[in-house]
Chemist: 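Below you'll find the structure I mean.
To find a chain, count down the sequence lines: A is the first, B the second, and so on, and within it residues start at 1.
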Amino acid sequence: MSQNHILQGEDLFKKIISHSKEYAFIYPSSEIYDGLSAVYDYGAYGAELKNNIRAYWWQAMTYLHQNIVGIDAAIFMHPTTWKASGHVDAFNDPLIDNKDSKKRYRADVLIEEYIAKLQDKIQKEIDKARKRFENFDEQLFRNTNPRVKEIQEKIHQIESRFKKALEDNHLDEIKQIILDCEIVCPVSGTKNWTDVRQFNLMFATQMGSVSDEANTIYLRPETAQGIFVNFLNVQKTARMKIPFGIAQTGKAFRNEIVARQFIFRMREFEQMEMQFFVKPGTEMEWYEYWKEARLKWHLNLGFTPDKYRFKDHTKLAHYANAACDIEFQFPFGFKELEGIHSRTDFDLSNHEKYSGKKLQYFDVEENKSYVPYVVETSVGLDRLFLAILSAGYKEEMVENEIRTVLSIPPALAPVKAAVLPLVKKDGMPEIAEKLWNELKYIGKIIYDDKDSVGRRYRRQDAIGTPYCITIDNQTLQDETVTIRHRDTMEQIRLPLNKVYNYIEQNTSITELLKKL
RNA sequence: GCGGAAGUAGCUCAAUUGGUAGAGCUUUAGCCUUCCAAGCUAAAGGUUGCGGGUUCGAGCCCCGUCUUCCGCUCCA
């Protein structure tokens, strides 16, 4: 009998990475040139699996809801988009490292903390004086006390230097301020600093032939803004009434300081996002609704529920009033798979402000216009891909041999079935070819007549093919074939003319959606 | 970006003190085979990540660089 070979953690992760490459799922980008850091390409079966995951999401969103429609916005967007969204400010951090403690800090935070310390000093002087004098006049004290005046002057100097340095993007000057103020590392206590470096998480490029500042555009760091800027277009032309959602899948780009863990954090990645527009005040109900709906969608894939959990955000982003993640147990621990955020009216209001265009909805029931609130669901397609691989990868002992099998949902499997003539003679290949030609409209079907049938079964196990159809001696007599199941290795016998429906039913995304 | 470890065939790994780059699996072609990686024959696959240096001679030693994994850090 079979015995599970328990794999976890780093061992499992390494196996998945090499399995991905060996079986045409994922390769490092531009590998013949040594690869490109944190960029990967999807191979023959990887691309199929990825397409299937995307289809499962897209159909669940847009087919199963009357009030959700999809769009496909461009990656390039007007530069002001990213000012309105907050990405220009929030994604621009001057960072500095202490060489002794190896700790990294935001240079602007170090300086601000130093200024705060000076202000504490002034406060102490004031508190002391308050105790000493009756009829204490704080303003007078501030204006006259030489010690306080001196510190106040220093703060003023640093602030104006700092402000100018930030505006001019003068990183050397920011470092000089840190040195001049003799700011030390809280951990090592030394002033042994590296240069200040700017980390902009957005990739910039030029549009048009002349490269100057004005032509700088960014590769989108999230797909959501393509939905927000199209809010009115979609609402009016697709005739949507609140509450309604807009769904989109597509590439996004972030110049991560550290991008790691295989395809978990890549510089180029694909998001599947749905922005749900609701009446202000009802957002928390919808937030709860989507939390449940999204978890259910994940659980419907059939992996054990203990691999998923919710994690509430304690520190909320600048746009959110509630946020949580659906975390998945990857080989390297529980990590974010999907984010569900209540984004308030932050994005739409800001786009109103920056564009000067009204982005409001006229509610006939309320007889008034308002800026809708937004509840967002955002999944990383690549992360989901990795989740499915890591949950599905198994090594079993079968008669003292290791059987490697990708136990992934049949509806998502890159190859739906393999057609195998038991031997390459007696007309079996001809029947198999004919069957392949019938089945090919279902999805990717493999024909294989090389090597022993056992070996062919194992090859299909390794890429997660749920069904193997074998044409054998009995087929020649009664037109039945065996269908062998990937997970149990058990076989059933079926008439040739029933095979199409059997495979189609058991591997269709539609059937998976019906279970939701 | 810092620190640690690593990089040899598609995959997993060898290669004595610095002395002719190998094996298993996989792949391809064929033989034999009637249900779970069987056997036989043959073939393919490498500028040892890349670039320098030391040496009569470098996969091995030194320097640089790229990539990956781990730990920090970062993740609106």
Chemist: Distance to the ring centre below 6.0 angstrom and angle to the axis at most 45 degrees; does that hold for A:R294 and A:W297?
Modeler: yes
Chemist: In whole angstrom, give me the gap between the C1' atoms of B:G3 and B:U8.
Modeler: 26 Å
Chemist: Do A:K335 and A:F330 form a cation-pi contact, if we require the NZ or CZ to be under 6.0 Å from the six-membered ring centre and within 45 degrees of the ring's axis?
Modeler: no
Chemist: I'd like the P distance from B:G10 over to B:U27, given in whole Å.
Modeler: 14 Å
Chemist: Given B:C36, is OP1 or OP2 found less than 4.0 Å from the side-chain N or O atoms of A:S452?
Modeler: no
Chemist: For A:F262, report the nucleic acid contact type (base, sugar-phosphate, nothing); a contact means any heavy atom under 4.0 Å.
Modeler: sugar-phosphate
Chemist: When you measure from the centre of the six-membered ring of A:F269, is the NZ or CZ of A:K251 under 6.0 Å away and within 45° of the axis?
Modeler: no
Chemist: In whole Å, what separates the C1' atom of B:G51 from that of B:G7?
Modeler: 16 Å
Chemist: Is A:R343 positioned over the aromatic face of A:Y373, cation under 6.0 angstrom from the ring centre and no more than 45 degrees off axis?
Modeler: no
Chemist: On RNA chain B, check which nucleotide each of A:M428 and A:R456 is closest to and give me the residue with the more 5' one.
Modeler: A:M428
Chemist: Quantified in whole Å, what is the P atom distance between nucleotide B:U47 and nucleotide B:A21?
Modeler: 14 Å
Chemist: When both hydrogen-bonding distances must be under 3.5 Å and the geometry is Watson-Crick or G-U wobble, what is B:G30 paired with, if anything?
Modeler: B:C40
Chemist: Without decimals, in angstroms, what is the distance between A:Y23 OH and B:A37 C1'?
Modeler: 9 Å
Chemist: Which whole number of Å gives the distance between the C1' atom of B:G64 and that of B:A23?
Modeler: 33 Å
Chemist: I need the NE2-P distance between A:H19 and B:C69, as an integer number of Å.
Modeler: 18 Å
Chemist: A quick test of your reading: do over 12 heavy atoms of other residues, nucleotides or ligands sit less than 6.0 Å from CG of A:D312?
Modeler: yes
Chemist: Would you say the base of B:C35 and the side-chain of A:T482 have a donor-acceptor pair closer than 3.5 Å?
Modeler: yes
Chemist: Specify the closest pair of heavy atoms between A:T465 and A:R486, including all atoms of both residues, with the distance to one decimal.
Modeler: O-CB, 3.4 Å
Chemist: Report the distance from atom CD1 of A:I492 to atom C1' of B:C36, rounded to the nearest whole Å.
Modeler: 17 Å
Chemist: Would you mind reading off the distance between A:E31 atom CD and B:C50 atom P, rounded to a whole angstrom?
Modeler: 13 Å
Chemist: Given atom CD of A:Q261 and atom C1' of B:G71, what is their separation to the nearest angstrom?
Modeler: 11 Å
Chemist: Counting distance alone, no hydrogens or angles: does the base of B:C35 have a donor or acceptor under 3.5 Å from a partner atom on the side chain of A:Y457?
Modeler: yes
Chemist: Taking atom P in both B:U26 and B:G39, compute the distance separating them and give it to the nearest angstrom.
Modeler: 8 Å
Chemist: Is there a donor N/O on one and an acceptor N/O on the other, under 3.5 Å, for the side chain of A:Q491 and the base of B:C35?
Modeler: yes
Chemist: Which is true for A:D426 with a 4.0 Å heavy-atom rule: it touches a base, it touches only sugar-phosphate, or it touches nothing?
Modeler: base
Chemist: Can you see if the side chain of A:K424 gets near the phosphate of B:U33 - specifically, an N or O under 4.0 Å from OP1 or OP2?
Modeler: no
Chemist: Rounded to whole angstrom, note down the C1' distance from B:C60 over to B:G22.
Modeler: 16 Å
Chemist: To the nearest Å, give me how far apart CZ (A:F332) and C1' (B:G71) are.
Modeler: 15 Å
Chemist: Indicate yes or no: does A:K425 engage A:E430 in a salt bridge with an N to O separation below 4.0 Å.
Modeler: no
Chemist: Touch check for A:Y40, heavy atoms < 4.0 angstrom, all strands: base, sugar-phosphate only, or nothing?
Modeler: sugar-phosphate
Chemist: What nitrogen or oxygen pairs link the protein and nucleotides 22-28 of chain B at under 3.5 Å?
Modeler:
residue: B:U26; atom: OP1; partner: A:R455; partner atom: NH1; Å: 2.5
residue: B:U27; atom: OP1; partner: A:R459; partner atom: NH1; Å: 2.5

Chemist: Has A:K311 got a side-chain atom pairing as donor or acceptor with A:I326's backbone, closer than 3.5 angstrom?
Modeler: no
Chemist: Among the nucleotides B:C69, B:U33, B:G10, which one has an atom lying closest to any side-chain atom of A:V423?
Modeler: B:U33
Chemist: Just checking, A:R267 and A:F203: is the charged tip under 6.0 Å from the six-membered ring centre and within 45° of the axis?
Modeler: no
Chemist: My understanding is that a pair needs two contacts under 3.5 Å, Watson-Crick or G-U wobble. By that rule, which nucleotide pairs with B:G71?
Modeler: B:C2
Chemist: Between B:G59 and B:G49, how far apart are the C1' atoms? Round to whole Å, please.
Modeler: 12 Å
Chemist: Roughly how many Å is it from CZ in A:F264 to C1' in B:C69, rounded to a whole number?
Modeler: 16 Å
Chemist: Tell me what A:S18 touches on the nucleic acid: a base, only sugar-phosphate, or nothing, going by heavy atoms under 4.0 Å.
Modeler: sugar-phosphate
Chemist: Measure from the side chain of A:S37, starting at C-beta and using heavy atoms only, and say which of B:C36, B:U68, B:C35 lies closest.
Modeler: B:U68
Chemist: Go ahead and name the base partner of B:A14; Watson-Crick or wobble counts if both distances stay under 3.5 Å, otherwise write none.
Modeler: none
Chemist: In chain order, what residues pass the side chain to side chain contact (heavy atoms under 4.5 Å, CB included) check against A:Q491, with sequence neighbours excluded?
Modeler: A:Y457, A:T482, A:R484
Chemist: Over all strands shown, is A:A320 touching base, sugar-phosphate only, or nothing at heavy-atom distances under 4.0 angstrom?
Modeler: nothing
Chemist: Could you state the CD1-P distance from A:I16 to B:C69, rounded to the nearest angstrom?
Modeler: 13 Å
Chemist: So which nucleotide does B:U65 pair with, by the Watson-Crick or G-U wobble rule with both distances under 3.5 Å?
Modeler: B:G49
